[in-house]
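Before I ask anything, here is the structure I am working with.
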Amino acid sequence: MKTVLIVDDEPTIRTLVNAILDGPDVRTIEAADGIEAIDIARRQQPDLVLLDVVMPRMDGLTACQRMKSDRSMARTPVLLLTALAQEPEQERARLAGADGVVQKPFSPATLRATVDSFLNGGTKT
Amino acid sequence: MAARTQALYRSAVQVFAACTPEDLHKAILSAVGSLVRVDLAALFLVRDEDGRPVCRALHTGRSTVVFGATEAPTAAFADAALATSARPAVAAPDTPLRRLPPSLNGARFATTLLSVPIRSGKEDMGLLVAGRRMAIPFSPDQVDLLRGLADQACLALEKLRAMEAAAEQGRRAQEFVSVASHELRTPLTALQGFSELLLSREVSRDVQKSWLSLINQESVRLGSLIAELLDLTRLESGRARLSLGPVNLGDLVERVLSLWAGNGQRARFSVHVQPGVPRLKADVCKLTQVLGNLVGNAVNYSSPGSPIRIDVAPCCLARPSTKHLGLPAADGASCPAGASIAVRDRGIGISRQDQARVFQPFYRAASREREGSAACADTPTGAGLGLTIARRLVEWHGGSMWVESCPGKGSTFGFCLPAHPPRRSTCGTPLDPGRTA
């Protein structure tokens, strides 16, 4: 059983991602912003973090950076789910240490496949 | 004469070639040196915040120092130059110059000062100062040359200002589009995601229903977002019109509150109308939209059933220290209050830092969702443009908006309106783009 942390300030998106990942092999936990995400990730050590970018209190890029510079979480793969489409965002995601980026809106099948590839071997997208 | 024309032509070429403020300031001072023999040249520009001229660049013999926006040199120097600012004049040997910091040593030796105002129409933009070590007065010819240069400098400064304003507007527009597209993609993600899941999976009727209701909720949100975007665009472009008529604010409050009667929420509201509230000339539909937005926020950002108080007064209801938005002087003293309305909730409140941002497009309170999300589940979330639009509408009436809040205790949003809106509001003049949050 793998644990995936879903971080998004929009409850609807968290419900959606939860539904997409629903299955016997994945357990999901949730956070609504970057600060909560770091706190939960540190305590529960998920196998993958799906991180929204634009969030109140602390955005996803900052949260990603903090996780990657924290020894206890540095090796946990982080996938950014972003609705920001421009090139600089992709570059910033890379600089923040993200392992991959999924563009919103996404197809459930694509997200599921990407998540599976991370959970089963850590392929970078 | 020909030499003079040539010299002025050369200075014009120099000055108009500059593309950054620093280059322009340097070019102006270098032109002073090429037009008139000086040991010291300085450029003062009027600061927007307080209208005081501050030194932006200083040339002393061999070197030119350009100052950033924050590090203008001594006030004493400015005062010395200002003493002669009213018209081109030769100043007496000045003592204040001797108080300059050591880094500006060269300037200490100036004994003759000439300062020429840089003026655009009636607006004072700054001063051009020329100084000499020896007590040799500037000739009328030299004064004329520097006046000519001051006129060129004025045009060049205005050109640069317009270029910067255009660039800033472009940046803002780009940022707005980027944020707007982000906001559009979020509900779209839910629509695409849930519909694809419904098409590809066998799920129970209950799950189907809950996903469909999320699809419905997000479509409504997408619709209102698009409507708000169009609203805001119309307001910004100046195509919207106010349709003015007499408005009784007490009636307005009752009309807006009747919208909440259906949800059994009416009992939460208490309305206090002070005596003497005048009838205003305003657009009743637009004011309904403004008040509806404030009341809607009060409902959404406080726990179910907690009281919401609405005050209507013939004067400004903001505390004296509260900053009014959208007014040049930004204080209560210049409040246009013919009348004002304040909506007070006992909700989650807004931090001081966020208070400055609540009127910006797409801002949303951080903790909305934490606070009784069940209560908000039925209320479609606004697109985050409601307050921006409300503020614009109030400003268009010649009024102003304000917010007072204490995190954990509640927020008060209010607006003041003049008895009559300014004339421009009815003829569709574009809003001042500088006010874009």
Side-chain angles (χ1 to χ4, degrees), chain A residues 6-23 30-37 39 50-63 80-93 101-115, chain B residues 174-175 177-201 203-204 207-208 210-222 225 348 350-351 353-354 357-358 362-374 376-377 380-381 384:
Chain A
I6 303 167
V7 191
D8 203 307
D9 58 323
E10 293 283 342
T12 314
I13 302 293
R14 293 203 302 269
T15 310
L16 171 67
V17 177
N18 245 316
I20 293 171
L21 300 185
D22 183 38
E30 296 182 12
D33 60 51
I35 292 177
E36 210 175 282
D39 183 42
L50 299 180
L51 197 54
D52 180 29
V53 173
V54 180
M55 289 184 292
R57 295 216 299 165
M58 184 194 286
D59 66 66
L61 290 171
T62 314
L80 286 173
L81 302 187
T82 176
L84 294 169
Q86 275 103 351
E87 287 265 311
E89 295 304 327
Q90 308 266 351
E91 177 61 14
R92 267 188 257 169
V101 176
V102 172
Q103 189 74 57
K104 283 181 187 172
F106 47 75
S107 152
T110 314
L111 179 67
R112 178 79 222 207
T114 313
V115 167
Chain B
Q174 204 172 14
E175 196 189 312
V177 169
S178 157
V179 180
S181 78
H182 172 268
E183 294 296 314
L184 289 166
R185 278 165 194 272
T186 302
L188 213 54
T189 304
L191 295 187
Q192 181 180 350
F194 284 116
S195 57
E196 276 190 41
L197 283 181
L198 281 168
L199 287 169
S200 64
R201 278 194 202 169
V203 288
S204 72
V207 172
Q208 269 183 27
S210 78
W211 288 357
L212 281 171
S213 83
L214 285 172
I215 290 180
N216 180 259
Q217 174 195 310
E218 294 301 309
S219 335
V220 171
R221 178 167 149 196
L222 203 56
L225 171 56
I348 53 183
I350 306 162
S351 71
Q353 183 195 3
D354 283 352
R357 292 166 32 210
V358 285
F362 303 114
Y363 171 82
R364 279 211 211 102
S367 37
R368 162 180 52 88
E369 187 215 325
R370 270 157 235 293
E371 180 78 9
S373 50
C376 311
T381 316

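Quick note on labels: first sequence line is chain A, next is B, and so on, each numbered from 1.
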Looking at side-chain heavy atoms only, is the closest gap between A:Thr12 and B:Thr186 below 4.5 Å?
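Not touching, per the 4.5 Å side-chain cut-off.
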
Over all atoms of both residues, closest heavy-atom pair of A:Pro108 and B:Leu197:
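Where A:Pro108 meets B:Leu197 most closely, the heavy atoms are CB-CD2, 3.8 Å.
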
B:Thr189: which of A:Glu10, A:Lys104, A:Gln103 passes side-chain contact (heavy atoms from CB on, under 4.5 Å)
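Answer to the side-chain contact (heavy atoms from CB on, under 4.5 Å) test with B:Thr189 among A:Glu10, A:Lys104, A:Gln103: A:Lys104.
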
Mind checking side-chain contact (heavy atoms from CB on, under 4.5 Å) for A:Thr110 and listing every partner two or more places apart, or none if nothing turns up?
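Per chain and number, A:Thr110 pairs via side-chain contact (heavy atoms from CB on, under 4.5 Å) with A:Ser107, A:Thr114.
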
Please name the pair of heavy atoms, one in A:Pro105 and one in B:Gln192, separated by the smallest distance, quoted to 0.1 Å.
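For A:Pro105 and B:Gln192, the tightest heavy-atom pair comes out as CB-OE1, 3.2 Å.
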
Looking at A:Asp22 and B:Arg201, what are the two nearest heavy atoms and their distance?
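Shortest heavy-atom contact: CB-NH1, 4.4 Å.
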
Check whether A:Ile13 gets within reach of chain B through its side chain, its backbone, both or neither, counting any heavy atom under 4.5 Å.
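When you check distances to chain B, only side chain atoms of A:Ile13 fall under 4.5 Å.
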
Approximate separation, where rounding is to 0.5 Å, of A:Thr82 OG1 and B:Arg185 CZ
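The OG1 atom of A:Thr82 sits 8.5 Å away from the CZ atom of B:Arg185.
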
